[in-house]
Every structure is written in C-alpha cells, then in structure tokens.
Amino acid sequence: MKYLKKAFMPALRHKPCNQRPFVEMIRASNIARRLHTFTWRSYRDSFSSLSSEGGGRENESNHVYVSDNFTDHKGMQLCFLGTSSSIPTLRRNTSCLALRLGNIFITHMHGDHIFGLPGLLSGLGITTNSAEAKNIYGPEGLRIWIRETLKACHGGIHSKYAVHEFKMGKRPKSRQGAKQDDRYEDKHHIVKAGMVEHSIPCWGFLLEEKPRPGKFNVEQARKLGVKPGPDFAFLQKGHSVISKFGQKINPSDVLGHSRRGRKIVILGDTNNPRSLLEAAKGADVLVHECTMLEEDAGEAECRGHSTASMAGKFAKAIGARCLVLTHFGSKFEGNPSHIQASVQAARLAFGRENVIAAKDFMGVTVCQTDEPS
C-alpha cells in the first residue's frame, strides 16, 4: 500500500488488496488529531442527517455515491477528513481531502492549507518505507517554507521528499532545477494542475484515469482458436497472438471498445475557476468550495471565494455528473438550514439534483463504467 493511505487512515484495519492508492491533499491541518479520535461509531452517526443536506447513496449518477465505509472505494474514493473553511468548528475541521494515488498536492499557501504538512511528513517517515521519496506539488515558496519550518522546530524527516513548485505562467520547477510539465503521470492516472482565481496564487487539480481496454470476449477468442492462458493475457494487454489454426489474432478481434476512465476535479479556494473550463469538462465529480452564503455573494467575489450557486454554475458549464460542496464558512456552523438552502441553490444553478454537501469523514465513491472512451 502506498504511504499516504497509511498516513491518512491509521484507524482503518481492512486493507483492500491490489489497489494503487492515490491521495490528493488540499489541506493538512490537524490530520493526526482528527484521525486518532476517529471511530466507526462517530463516522456512522455523522450520516444520520446526510440525506437532509443533499447527500445519500442514491442519485441520478449511480456510479457516484456516498459511502459510510472508507474500504468501499472501488479503486477511487474521495475521503473528506475536514470540510470547514479557515476556522475549525465543533462539527467541522479545516478542509482536508484524501484521494488515493501516491503524491501530495497543495493548492495554495494560506496557512490552513499547509500547516499540517510538516507533521504529516514527519509521521510518514516513521510509518512508511523511508527509501521511497515523497513527491509534493504546490505553489512557489512551498519548498523553503517546509525546510524552514522543520528547521525551526527541529523536526526530523526520516524519508526523502521532493518539492515541485508551480510557477505562475511557467512550468513547475523541480528541486534539481529541471523543468517539469504541470502534471503528474503514472501507468493509470494523469493529474493536471491549473490556476484559478483567488486572493493569492491558487491551483486546482484534475485527476483523470486513463482509458481502460474493452471487455475481453472469451467466447469469440475460443472460436478463433486462441488457447486459454498466456495468449488471453497477451491479447488483453494489446498484443497479437497466433491461433491454433495458424492465423494472426489482433486485440481488436476479441476486445470491445475502450472504456473511458474516471475524472475528478478538485478546486482550491476560488471565486472564478473558468480557466479550467475546457480541461474540467466531463468530470464525474467536481469538488467545489462553498465558503459563503448566497446573501453574501458580493463579499464572496471580493474575498476570492464562492457561494453554492457559483459552484453550481461551474458544474453545469463543465457538464459534471456530481457536485460536492465543501469548505463551509463559519456562518454555516450550527445552522442546518443554511446547508440545505445552499444545496438547493446549487441544484438550481446546476440543473441537476446530484449535489452533495460534504461532511467530515464522508466518503464519495466513484465506480468504473463501461462507457466508451
């Protein structure tokens, strides 16, 4: 298992097999404290009023649903560890979002987005393979801030880490000074970064799962004389084989259409993410901030934040299938009617019912589909 899953979820005992974890961390404040106090009872209880706030398992996009089990991730699950804005409340900690992959991504340099990072890095060195370098992607200034913070508190890091800074209008620069593309890519995923409007430089992230091969037609393969076993595997990996009749069998002879990968868009604080409009189109899930009430829309624009209807409009513009609201301001605390009103405002602007108000320790699972890529 990748190190970040262990760091974010030490309380979970059931570890799914054969999954490559990906974690996308927008904020890290008080992660350790929150996770050590986490219990399954409190997590289940937090769902008692979920449907009244716009959540629930059933929605019009049935491959995306709210789950009360962090092991029910189907290979891709958003885990909301904190859903408040800059100030923690009795019910919500400052925003922190985990998504399995294997690197850390920071949207911007406001304190409530980065203060937990040194502690996380210190813990990772103890709980994970210290030989594995931890890659951190974020705004310019992140590298020196981590270095000086750890130096000032005599914090020991027991494993290597590399910081890749995004430069405004430029490609990000790695620790070694080599130019990097503004994306992370591995065998299964691509993560892209793009700037959004906020009071300081801020980035949003797009996670795309690469298209999967089409379904393997076992019956057709046997009819064509393909021997079960290694030849089946070769065809599924895109290689041609020779049948027992001496004929060349191509993957296209036994595979259906390629299937599209899942896509998640996670924005930092913003009042205008339109720079990501084209790149974000077709997202299965859009995670968008909802710091301000509808009545404070003017203030939201000035402060670089959003209301629920602003989030709904962007979700509609990109054709998202599901909108998840998070990063709720202090005025939402202790007033469920504000959450309900915001969900309704987002639905009205979105034109769809599939709007979820995130809660601490809520999971949103995204399942694979057989839709063509």
Side-chain angles (χ1 to χ4, degrees), residues 22 24 26 54-66 74-78 80 97 99 101 105 107 182-183 188-198 202-212 214 257-290 294 297 300 305-327 342-358 363-373:
F22 163 72
E24 197 287 336
I26 290 184
R57 293 183 66 94
E58 300 301 327
N59 54 59
E60 53 188 59
S61 180
N62 57 17
H63 75 295
V64 178
Y65 61 89
V66 171
K74 304 295 190 296
M76 187 174 290
Q77 184 186 54
L78 292 156
F80 290 85
L97 172 59
L99 174 63
L101 188 128
F105 297 84
T107 61
D182 57 347
R183 57 195 252 163
H188 302 288
H189 304 96
I190 299 173
V191 180
K192 301 176 183 177
M195 290 193 70
V196 294
E197 290 187 21
H198 186 45
C202 184
W203 277 261
F205 296 100
L206 293 79
L207 166 72
E208 294 183 80
E209 183 180 48
K210 293 180 180 179
R212 296 175 293 128
H257 58 72
S258 62
R259 294 169 287 182
R260 76 172 186 88
R262 293 163 286 188
K263 185 174 184 178
I264 293 178
V265 176
I266 302 171
L267 301 179
D269 293 6
T270 183
N271 66 329
N272 185 1
R274 292 191 66 83
S275 59
L276 299 181
L277 181 62
E278 291 300 319
K281 282 188 174 177
D284 292 284
V285 178
L286 167 66
V287 180
H288 199 297
E289 69 133 285
C290 180
E294 292 300 311
H305 287 294
S306 294
T307 64
S309 62
M310 292 165 69
K313 288 176 183 176
F314 187 69
K316 181 177 182 178
I318 66 171
R321 299 187 175 198
C322 177
L323 168 63
V324 182
L325 302 175
T326 188
H327 196 271
S342 292
V343 167
Q344 292 304 318
R347 286 173 172 165
L348 185 62
F350 188 14
R352 302 184 69 170
E353 290 295 306
N354 204 17
V355 176
I356 298 170
V364 176
T365 300
V366 186
C367 302
Q368 291 179 327
T369 74
D370 290 329
E371 297 174 14
S373 60

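Only heavy atoms go into these numbers, but all of them, side chains included; no hydrogens, no water, no symmetry mates. The model shown is predicted, which means the values in this text are computed figures rather than measured ones.
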Kindly determine whether Leu78 and Val287 satisfy side-chain contact (heavy atoms from CB on, under 4.5 Å), including the steps that lead there.
CA-CA 9 Å; Leu78 292 156; Val287 180; 3.8 Å; yes
Leu276 and Leu267: side-chain contact (heavy atoms from CB on, under 4.5 Å), yes or no, with the steps?
CA-CA 10 Å; Leu276 299 181; Leu267 301 179; 3.7 Å; yes
Taking the side chain as everything from C-beta on, heavy atoms only, tell me whether [X] gets closer than 4.5 Å to [Y].
X	Y	value
His327	Asp269	yes
His188	Glu209	no
Leu97	Thr326	no
Asn272	Phe314	no
Tyr65	Val364	no
Val285	Ile356	no
Val366	Ile264	yes

Using a distance-only test with no angle check, is there a side-chain donor-acceptor pair under 3.5 angstrom linking His198 and Asn271?
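Per modelled atom types, His198 and Asn271 side chains form no pair under 3.5 Å.
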What is the minimum heavy-atom distance between [X] and [Y], and which atoms define it?
X	Y	answer
Ala317	Leu277	CB-CD1, 3.6 Å
Val355	Ala346	CG1-CB, 3.9 Å
Phe80	Ala358	CD2-CB, 3.7 Å
Ala279	Leu206	O-CD2, 3.0 Å

Only counting residues at least two apart or in another chain, list the ones meeting side chain to side chain contact (heavy atoms under 4.5 Å, CB included) with [X].
X	answer
Lys210	Glu185, Ile190
Thr369	His63, Arg260, Glu371
Thr307	Met292, Glu294, Ala297, Ala300, Ser309, Met310
Ala311	His288, Leu323, Leu325

Distance check, rounded to the nearest 0.5 Å: [X] atom [atom1] versus [Y] atom [atom2]?
X	Y	atom1	atom2	result
Cys367	Arg262	SG	CZ	7.5 Å
Asp370	Arg212	CG	CZ	6.5 Å
Ser306	Glu289	OG	CD	4.0 Å
Leu348	Glu353	CG	CD	10.0 Å

Full working for side-chain contact (heavy atoms from CB on, under 4.5 Å) between Leu207 and Met76
CA-CA 11 Å; Leu207 166 72; Met76 187 174 290; 3.8 Å; yes
Once salt bridge (Lys or Arg N to Asp or Glu O under 4.0 Å) is applied, do any residues pair with Lys316, and if so which ones, sequence neighbours excluded?
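So Lys316 forms no salt bridge (Lys or Arg N to Asp or Glu O under 4.0 Å) with any residue.
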Ser373 side chain vs Arg259 backbone, donor-acceptor pair below 3.5 Å
no
Could you go step by step and tell me if Ile266 and Leu286 meet the side-chain contact (heavy atoms from CB on, under 4.5 Å) rule?
CA-CA 6 Å; Ile266 302 171; Leu286 167 66; over 6 Å; no
Pairs involving residues 188-198, ordered by first then second residue, that meet salt bridge (charged side-chain N to carboxylate O under 4.0 Å, His left out) (sequence neighbours left out)
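Qualifying pairs: Lys192-Glu208.
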